[in-house]
Amino acid sequence: MAGGVMMNTAGGKPYPGKLTLYVVFTCVVASTGGLIFGYDIGISGGVTSMDPFLLKFFPEVYWKKQEASTSNQYCRYDNQLLQAFTSSLYLAALVASFFASTVTRVLGRRWSMFAGGFAFLVGAALNGAAQNIAMLIVGRTLLGVGIGFANQSVPLYMSEMAPARLRGMLGTGFNLMITTGILTAELINYGTNKIKGGHGWRFSLGLAAVPATVITLGSLFLPDTPNSLMERGHPEASRRMLRRIRGTDDIGDEYADLVAAREVSKLVQHPWRNIVLRKYRAQLTMAVLIPFFQQLSGINVINFYAPVLFETLGFKGDTSLVSSVMTGGVLVLGSLVTMLIVDRLGRRKLFLQGGAQMLVSQVVVGTLIAARFGMSGVGEMPKGYAAAVVLFICLYVAGFVWSWGALGWLVPSEIFPLEIRSAAQSINVMGGGHDRFCRTLPAGDKERPHRGDGARLEGALVLEQVCSRRRYPCSKALNGDEYDIS
């Protein structure tokens with residue numbers, strides 16, 4: 001079929017070598033790039049539900065929260081300035097990932113990671129010390145720049161360092177760090193919300209500097225990948241690094257494939273121009289569709305707004321933060337499960353099973369909420385209903401994390417040939433940033449900000465299932481240059 005992807009599902013070449021401690025160490029350090037992304041996702045929703053933070057920067061939202069329960073529950077956090085604060089990060093990440101492509105290709109993966117960590121570190125400092133909205137948004141924009149660079153380079157780095165047969169396990173370590181960052185942030189929010197004096201939110205935002213410092217300093221000591229060294233014209237350095245990370249001198253076949261990929265790469269002077277050619281149409285399609293469906297699944301509503309959502313459902317104060325910690329725990333456990341099974345089951349099976357679980361859970365959650373709040377948004381949620389909603393939200397989160405969550409980062413990092421790999425990964429990150437940005441834009445119509453969202457997301461999940469069955473790879477351990485595109 002024209003534009004389709006025909007996979008060698010039997011797996012890639014059985015390159016000799018083993019999983020060395022050196023590879024494990026480098027992948028763990030690099031994966032902290034996911035930690036900064038996850039930390040921001042988890043921390044922002046908790047902070048925007050803290051009364052002292054809202055009273056200082058968004059008093060209109062604070063006073064709306066104090067209104068009686070007869071007010072519209074859907075609109076309590078509908079504020080254009082608050083949504084602009086949220087969306088500024090994703091717009092910055094979208095733009096930054098475009099420039100990160102050039103840095104990653106010309107200077108190497110680790111320098112993109114360094115740039116991302118440093119920008120995130122400065123942004124965390126500004127947010128923690130913020131005195132006004134301008135400082136908040138500038139700081140959040142720098143966080144977005146950091147995330148754009150890290151998300152573009154880290155998945156590529158981990159995929160290229162990992163041995164082919166274990167690429168799924170190590171590659172999904174990036175998603176494990178994202179979910180660990182989310183859980184850590186939610187636990188920190190729970191603790192800082194108890195700090196007297198109303199300054200807990202500063203600790204929550206400022207502590208983002210900790211993972212940023214790890215990735216910034218760690219990237220200075222990380223080696224370049226053999227693929228990057230070969231791409232930049234250092235064949236002997238590439239050979240030495242390949243020998244070191246595989247723990248064997250028998251690297252002839254894998255090295256020969258790197259050389260062949262480099263010869264093809266030298267013919268491509270403009271990756272952004274070449275990626276639109278017909279022979280790359282299948283990869284380009286997946287680079288666009290995977291992040292599109294990942295974000296359209298609705299997970300960001302859970303990840304970012306979990307405390308706000310649970311508070312709306314009737315969980316007050318600390319209870320809403322505790323409920324969001326529960327979903328964070330499910331994310332981490334689901335990521336661990338993914339690491340254990342992804343190389344055994346393959347990618348497509350996880351896409352299909354997780355998508356079906358998400359669809360059922362979302363239908364149940366939407367039905368329960370609609371039964372209590374209706375279209376007006378006015379009503380109360382009894383404890384039994386609220387407990388059922390939390391349960392199915394956790395099932396939804398579990399389905400996401402071992403399908404679109406983990407594989408949304410893994411699959412794009414392993415299917416692109418070397419000559420377009422950096423540009424294609426940037427498109428993947430830009431697609432996710434664009435969708436997150438659009439989902440957090442000011443609503444405009446304050447009376448009807450989210451009506452119909454549930455039905456639209458459920459329709460998207462149905463479409464995801466169709467695409468998973470027809471279009472997405474079912475490979476278990478292929479290199480990007482081994483895919484047969486027709």
Side-chain angles (χ1 to χ4, degrees), residues 34 37-38 40-42 45 90 151 155 168 171-183 185-186 286 289-307 309-310 323-342 345-366 369 389-412 428 431-433 435-436 439-440 453-454 456-469 472:
F37 184 34
D40 179 80
I41 291 174
Y90 299 119
N151 286 2
T172 52
F174 180 69
N175 189 68
L176 175 63
M177 283 296 186
I178 292 177
T179 58
T180 300
I182 293 172
L183 177 59
E186 289 166 345
M286 285 189 282
L289 287 183
I290 288 177
F292 174 74
F293 284 135
Q294 186 188 53
Q295 298 310 310
L296 204 60
S297 68
I299 191 61
N300 280 331
V301 176
I302 305 298
N303 284 342
F304 187 86
Y305 295 110
L309 172 63
F310 289 128
S323 299
S324 66
V325 168
M326 290 172 55
T327 62
V330 172
L331 283 170
V332 173
L333 290 175
S335 296
L336 290 171
V337 171
T338 307
M339 293 181 70
L340 295 175
I341 65 177
V342 63
L345 298 182
R347 283 53 164 164
R348 182 181 292 173
K349 288 182 181 179
L350 291 179
F351 269 130
L352 291 172
Q353 189 281 328
Q357 183 172 323
M358 292 164 63
L359 177 59
V360 172
S361 299
Q362 198 167 86
V363 169
V364 174
V365 170
I369 292 177
V389 169
V390 172
L391 172 63
F392 279 94
I393 284 178
C394 288
L395 290 174
Y396 165 84
V397 169
F400 173 83
V401 75
W402 58 56
S403 59
W404 293 92
L407 302 184
W409 296 107
L410 174 64
V411 172
N428 178 61
D435 295 328
R436 294 185 189 99
R439 295 296 296 175
T440 55
D453 271 10
R456 285 192 290 271
L457 294 177
E458 288 152 15
L461 285 171
V462 172
L463 187 57
E464 288 175 14
Q465 290 295 88
V466 174
C467 288
S468 296
R469 184 173 295 276
Y472 290 157

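One is the number of the first residue; the rest follow in order along the sequence.
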Inter-residue atom distance [X].[atom1] - [Y].[atom2], 0.5 Å rounding:
X    : Y    : atom1 : atom2 : value
M177 : I182 : CE    : CD1   : 13.5 Å
W402 : L333 : CH2   : CG    : 9.5 Å
T172 : I178 : OG1   : CD1   : 11.0 Å
I341 : L336 : CD1   : CG    : 11.5 Å
F400 : L331 : CZ    : CG    : 8.0 Å
Q353 : M358 : CD    : CE    : 11.0 Å

Results of side chain to side chain contact (heavy atoms under 4.5 Å, CB included) for S335 - residues two or more places apart only:
N175, L176, T179, V401

Taking side chain to side chain contact (heavy atoms under 4.5 Å, CB included) as the test, write out the residues that go with L340, two or more places apart.
none

What are the two closest heavy atoms between T338 and A406, and how far apart are they?
CG2-CB, 3.6 Å

Quick check: closest heavy atoms across S403 and G355, and the distance to 0.1 Å?
OG-N, 4.1 Å

Please check this pair: side chain of Q357 against backbone of L395, looking for a donor-acceptor N/O pair closer than 3.5 Å.
yes

Would L407 and V342 count as a side chain to side chain contact (heavy atoms under 4.5 Å, CB included) here? Give the steps.
CA-CA 9 Å; L407 302 184; V342 63; 3.9 Å; yes

